[in-house]
Structures are given as C-alpha cells and as structure tokens.
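What's counted below: heavy atoms across the whole structure, side chains too, no hydrogens, waters or symmetry copies.
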Amino acid sequence: MRVLLLAAMVSLAACGGGDGDGGGDPTEAAGLEGVWQGVCEQSELASYRHELNIDDNTILVSKHYWPGSSDCSGAAEQDALGSYSYSIGEEMVTDSGVNARELDIQFTETSSQAFDIFMIDRGDTLYFGDPETGDQNTLVTRPTDLDLDQPYSRSL
C-alpha cells in the first residue's frame with residue numbers, strides 16, 4: 001500500500017520538526033492539494049522519482065525515469081502508475097508524538113482500499129505513514145508513525 005503512494009502509489013517521508021510552523025495546520029486537507037515530488041532513488045539502470053498530483057478528491061501517481069543517470073538529471077521519461085480517490089479522516093497523534101491525519105485511499109482500477117496517515121511539515125514537505133508501523137491493508141492496523149525517510153517536496 002505504501003506502494004500506493006510510493007509503490008502503487010508506490011508504497012507511499014529528514015523531518016524539519018513536524019510542528020507545521022509557518023505552514024498552517026499540518027494535517028489540513030486543503031494543504032494536501034498540489035504537485036509533490038518524491039526523493040530521487042536509483043536502480044541498476046536508471047534513477048527515478050515518484051510524483052503525486054493531488055486535487056480535492058484524486059491522487060494521480062506517476063514515476064519519472066532518468067535512464068543512465070544516478071541523480072535524476074537530464075531528460076526524464078514518465079510512466080503513469082494510477083489514479084486514486086481519497087478521503088481524509090480523523091486527526092491522530094503518532095507514536096513519536098507528531099500530529100497527523102488519517103488518509104483512506106480507494107484504488108480506482110481495483111476498488112480495493114488502503115489506510116494510511118499523512119502530515120505536511122512547514123507547508124512544503126509531505127510525509128506518509130511508515131509501513132513498518134502498521135499494515136496499510138486494514139483499517140485496524142493503519143500506520144502509527146510517519147516515514148521520515150521518504151519525504152515529498154511541494155513542486156512550485
């Protein structure tokens with residue numbers, strides 16, 4: 001499921017504090033809207049980055065590839081990974097004491113669901129739940145902490 005936003009959203013992360021200073025409510029739904037770029041990652045043949053385009057009820061996920069590059073530079077190729085609808089649930093306090101909000105995701109193509117959490121730090125860094133703290137496939141075991149190793153940056 002993190003594969004939703006980070007893997008199929010592609011499994012959907014250095015935290016700047018987590019208190020939302022300067023960015024309004026770090027769990028506000030309207031703050032989630034926009035284009036978000038994941039971190040540059042490498043495989044044997046290319047570097048790649050996930051991009052999330054989020055509007056008021058849909059998340060479009062794409063993966064950008066840079067063949068032969070190790071730093072996501074140069075001309076990119078793009079693959080669309082999927083379209084998801086979402087709803088934002090209750091505010092919660094994570095295991096590490098940071099405020100986050102529940103995020104329920106509906107996979108458009110399969111009608112299956114995933115259950116995650118998110119937090120926006122300072123208005124420009126988006127974190128999703130850490131899959132090691134819960135199983136995103138069931139409502140009862142949604143993640144209980146954030147994955148601070150997989151941040152998404154707001155694209156201007």
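- Using a 4.5 Å cut-off on side-chain heavy atoms (C-beta onward), Ile88 and Glu102 make no contact.
- With hydrogens and angles disregarded, no donor-acceptor distance shorter than 3.5 Å links the side chain of Arg154 to the backbone of Trp36.
- Under a hydrophobic-cluster definition in which Ile, Leu, Val, Met, Phe, Trp and Tyr are linked whenever side-chain heavy atoms come within less than 4.5 Å, directly or via other members, Leu32 and Val61 are assigned to the same cluster.
- With no hydrogens or angles considered, a side-chain donor-acceptor pair links Asp95 and Thr144 at under 3.5 Å.
- In this structure, the side chains of Ser47 and Cys72 come closer than 4.5 Å at one or more pairs of heavy atoms.
- Nearest heavy atom pair, residue Leu81 against residue Lys63, reads CD1-CB, 3.9 Å.
- Looking only at side-chain heavy atoms (C-beta outward), Leu52 and Leu60 stay at 4.5 Å or farther from each other.
- Heavy atoms from other residues, nucleotides or ligands lying under 6.0 Å from CD of Glu132 number 12 at most.
- The distance from atom CD of Glu91 to atom CZ of Arg101, rounded to the nearest 0.5 Å, is 5.0 Å.
- Judged by distance alone, the side chain of Arg49 and the main-chain N or O of Glu41 form no donor-acceptor pair under 3.5 Å.
- One distance of note links CZ of Arg142 with CG of Asp116; it measures 8.0 Å at 0.5 Å rounding.
- Put simply, the side chain of Pro151 reaches to within 4.5 Å of the side chain of Val39, judged on heavy atoms.
- At distances below 3.5 Å, not a single donor-acceptor pair connects side-chain atoms of Ser69 with backbone N or O atoms of Trp66.
- With rounding to the nearest 0.5 Å, the separation of CD1 in Ile105 from OG in Ser87 is 9.0 Å.
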Walk me through it: do Tyr152 and Phe128 pass the test ring-ring contact (aromatic ring centres under 6.0 Å, His included)? CA-CA 9 Å; Tyr152 284 81; Phe128 291 100; 5.7 Å; yes
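- We find the CG-CD distance between Asp104 and Gln113 to be 6.5 Å, quoted to the nearest 0.5 Å.
- Asn53 places none of its side-chain heavy atoms less than 4.5 Å from the side chain of Ile59.
- A distance of 6.5 Å separates OG in Ser155 from CD in Glu51, rounded to the nearest 0.5 Å.
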Stepwise side-chain contact (heavy atoms from CB on, under 4.5 Å) test for Asn99 and Val93: CA-CA 5 Å; Asn99 289 339; Val93 177; 3.5 Å; yes
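- Counting heavy atoms from C-beta outward, Asp130 and Leu146 have side chains that stay 4.5 Å or more apart.
- Of all non-hydrogen atoms in Pro143 and Met92, the two that sit nearest each other are O-CE, 4.2 Å.
- Atom-to-atom distance recorded for Gln37:CD and Leu126:CG is 12.0 Å, nearest 0.5 angstrom.
- Side chain of Gln106 to backbone of Tyr86: no donor-acceptor contact under 3.5 angstrom is found.
- Residues Asp145 and Ser96 bring a donor and an acceptor atom of their side chains to less than 3.5 Å of each other.
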